[in-house]
2 protein chains.
Amino acid sequence: MKPLNISCLNCNAKDCSILRNCPTEALQFFDSKKYCMRYVPGQSIIREGSRIDGVYVIYEGIVKLHVKGRLGRDFILRLGKPGEIVGHTDDQFQKQSSSVTAVEPTTVCFIEHTDFESGMKKCPSVQRELMSVFKNELKNIGNRTIQLVQMNVREKIADALLHIAEVYKLKEGKNPVEISLSRQEISDMTGTTKEQVSKIISEFRTDGFIDAHGKKISILNYAKLKAVAGG
Amino acid sequence: MKPLNISCLNCNAKDCSILRNCPTEALQFFDSKKYCMRYVPGQSIIREGSRIDGVYVIYEGIVKLHVKGRLGRDFILRLGKPGEIVGHTDDQFQKQSSSVTAVEPTTVCFIEHTDFESGMKKCPSVQRELMSVFKNELKNIGNRTIQLVQMNVREKIADALLHIAEVYKLKEGKNPVEISLSRQEISDMTGTTKEQVSKIISEFRTDGFIDAHGKKISILNYAKLKAVAGG
DNA sequence: CGGGTTATTGAGGGGCGTCAACAACCGTGG
DNA sequence: CCACGGTTGTTGACGCCCCTCAATAACCCG
């Protein structure tokens, strides 16, 4: 990872992050305190169980938030995109509950907790946004859980593809985008196996929902894919 | 539901709730603003999607936090016990992400958001505790998700029984406790079917891990049950 | 005591995990 | 440029786990 210089003031990700409603003065403060780091695909950003003391926000790129399950099998809780908080503690004794790993080339901003606290004082909306972020995450993972439990594999994979499509901003139609996620990783998003993912992606291809050759994927029919996912 | 009078000052659940470190003055304030309500088993406390404007904390009893999934099938995210927050909003437009329903006779305390805010100003630790509650919940549901995805049904049911045992404070040994949860509800905790729960509870009985006749359950061997749950 | 709900147990079948063989892809080095 | 080994993706066969359905038993409340 190598440090970078990016300004909070004209940050692309600002509007979808907790800094949404910050006055310029507070932005300048955060800007002066933050560090930016760059990661290549596959590179670990945060390791599950480690201690961090601050806040990580994605500036650019795509990451996976994942945890180690039984027998060392990975499970991907969700993908993270620009503007999202992917790590947060308010003291240095708290352990991270999930690992964060770059999936695409990714730039991450980090700010130490003490600085973050000071900044919050200048901008009370950050506190509210942060709370709201947690509640949203809670809601999302709740929805996710129920899907994982009640859907069959075909539905779960359709759902995972929709999540991928959203994060990668895939447009409907034949414009293949290279996705760094392996079949194994897609299966880690759904709790199934790489073979099953392969088989069902093939099914979706013959059904005309998607086009997929290896890692090049396009969504040909969002509506039908959503119908499979049951919503 | 009928209002009750309970004091925050000598509340049993205080020490395991967000009021843990509150000075007496703040406790008195919360006490003067809160309402307490009593519910019978099966009675709905909060309905998924409804709007509430305040904070719900369990004073006594056991509840289930559940969401409606596909085909109207219920899924139980977790059980809630005294001291736990089971509903929270910071504005009246936010919808509850899960329903809360009494499983055992339950007393719940409610405080309106504006009062809660005022109280927080008197007791800054509440804010921190609240944040910490959210993060813990996030961590727990993350662990839960991975279990639900990676465990087989036998393991999941062992896990659910352990969760039940914890919430009901079951001691090891033959002292049967009447659990109001039906087989259907246990299956809703694990994403399986009531028949499967019946079969596997019978297995556990013949294996000598538990004793169960209908709703009377005792845990005979925690260690072995935990071993089945894989941890 | 009788009707309705809940629990138990068994039989049958399908979804999906496992294993294995083969194809495609990729970076490296000759 | 091709050869080559390693990784990743694809596809099929097999078998087991678990969902579904159904029949019976146990329980609860009036």
Side-chain angles (χ1 to χ4, degrees), chain A residues 40-42 69-75 103 147-161 164 176 178-207 210-218 228-230, chain B residues 40-42 69-75 103 146-161 164 176 178-207 210-218 228 230:
Chain A
V40 299
R70 36 195 24 226
L71 310 173
R73 261 201 72 181
D74 236 22
F75 179 72
V103 169
Q147 286 170 349
L148 288 167
V149 167
Q150 294 188 349
M151 299 196 303
N152 63 34
V153 167
R154 185 180 160 88
E155 295 164 336
K156 286 195 274 190
I157 292 175
D159 196 62
L161 289 174
I164 292 170
E178 180 106 18
I179 308 290
S180 305
L181 289 164
S182 67
R183 298 294 188 258
Q184 178 66 60
E185 285 175 304
I186 298 176
S187 77
D188 288 342
M189 295 174 68
T190 52
T192 179
T193 60
K194 53 187 187 311
E195 294 92 336
Q196 220 51 244
V197 171
S198 247
K199 287 173 194 174
I200 287 171
I201 282 184
S202 294
E203 277 183 38
F204 288 161
R205 190 180 334 106
T206 51
D207 290 343
I210 67 172
D211 197 19
H213 292 91
K215 294 195 159 139
K216 290 192 178 56
I217 295 188
S218 12
V228 173
Chain B
V40 299
R70 39 196 21 228
L71 310 173
R73 261 202 72 180
D74 235 22
F75 179 72
V103 169
I146 196 172
Q147 286 170 348
L148 288 167
V149 166
Q150 295 188 349
M151 299 196 302
N152 64 34
V153 167
R154 186 179 161 89
E155 295 164 337
K156 285 194 274 189
I157 292 175
D159 195 63
L161 289 174
I164 292 170
E178 179 107 18
I179 308 287
S180 304
L181 289 164
S182 67
R183 298 292 188 260
Q184 178 66 60
E185 283 175 305
I186 297 177
S187 76
D188 288 342
M189 295 174 68
T190 52
T192 178
T193 59
K194 54 188 187 311
E195 294 92 336
Q196 219 53 241
V197 171
S198 247
K199 287 171 195 175
I200 287 171
I201 282 184
S202 295
E203 278 184 39
F204 289 161
R205 189 179 337 105
T206 51
D207 291 342
I210 66 172
D211 196 19
H213 292 91
K215 293 195 161 142
K216 290 193 177 55
I217 294 187
S218 8
V228 173

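Below, read A as the first sequence line, B as the second, and so on, with proteins coming before strands; counting in each chain starts at 1.
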### Query
Are any of the side-chain heavy atoms of I210(B) and L161(B) separated by less than 4.5 Å?
yes

### Integer-rounded Å distance: dT20(D) P and K194(B) NZ
9 Å

### Task
Give the rounded distance in Å between these two atoms: CD of E195(B) and C1' of dA22(D).
10 Å

### Query
Any ion pair linking R154(B) and D207(B) (charged N to carboxylate O, less than 4.0 Å)?
yes

### Query
Should I186(B) and I164(B) count as side-chain neighbours, where that means a heavy-atom distance under 4.5 Å?
yes

## Note on the structure
Whole-Å distance, R154(A) CZ to dC19(D) C1', equals 19 Å

### Task
When you get a sec, tell me which of dC18(D), dC16(C), dT10(D) is the closest nucleotide to the side chain of R205(A)?
dT10(D)

#### Entry: Salt bridge present between E155(A) and R70(B) (N-O < 4.0 angstrom)
yes

### Task
Let me know the distance between CD1 of I200(B) and P of dC19(D), rounded to the nearest Å.
8 Å

### Query
For the pair made of CD1 in I201(A) and C1' in dA24(C), what is the distance, rounded to whole Å?
15 Å

## Note on the structure
Of the candidates dA11(C), dT10(D), dT8(C), the side chain of R183(A) sits closest to dT10(D)

### Message
Using salt bridge (charged side-chain N to carboxylate O under 4.0 Å, His left out), reason through K215(B) and E178(B) one step at a time and then give a plain yes or no.
### Response
CA-CA 5 Å; K215(B) 293 195 161 142; E178(B) 179 107 18; over 6 Å; no

#### Entry: Sugar-phosphate, base or nothing in reach of K215(A), heavy atoms under 4.0 Å
sugar-phosphate

### Task
Check the distance between dC17(D)'s C1' and M151(B)'s CE and give it to me in whole angstrom.
15 Å

#### Entry: d(CD, E185(B); P, dT6(C)) in whole Å
9 Å

### Query
Counting any heavy atom closer than 4.0 Å, what does S182(A) reach on the DNA or RNA strands: base, sugar-phosphate only, or nothing?
sugar-phosphate

### Query
Which part of the nucleic acid does S198(B) contact within heavy-atom distance under 4.0 Å: base, sugar-phosphate only, or nothing?
base

### Query
Which residue lies toward the 5' end of DNA chain C, T193(A) or Q196(B), if each is placed at its nearest nucleotide?
Q196(B)

### Message
I need the CD-C1' distance between Q184(B) and dC19(D), as an integer number of Å.
### Response
13 Å

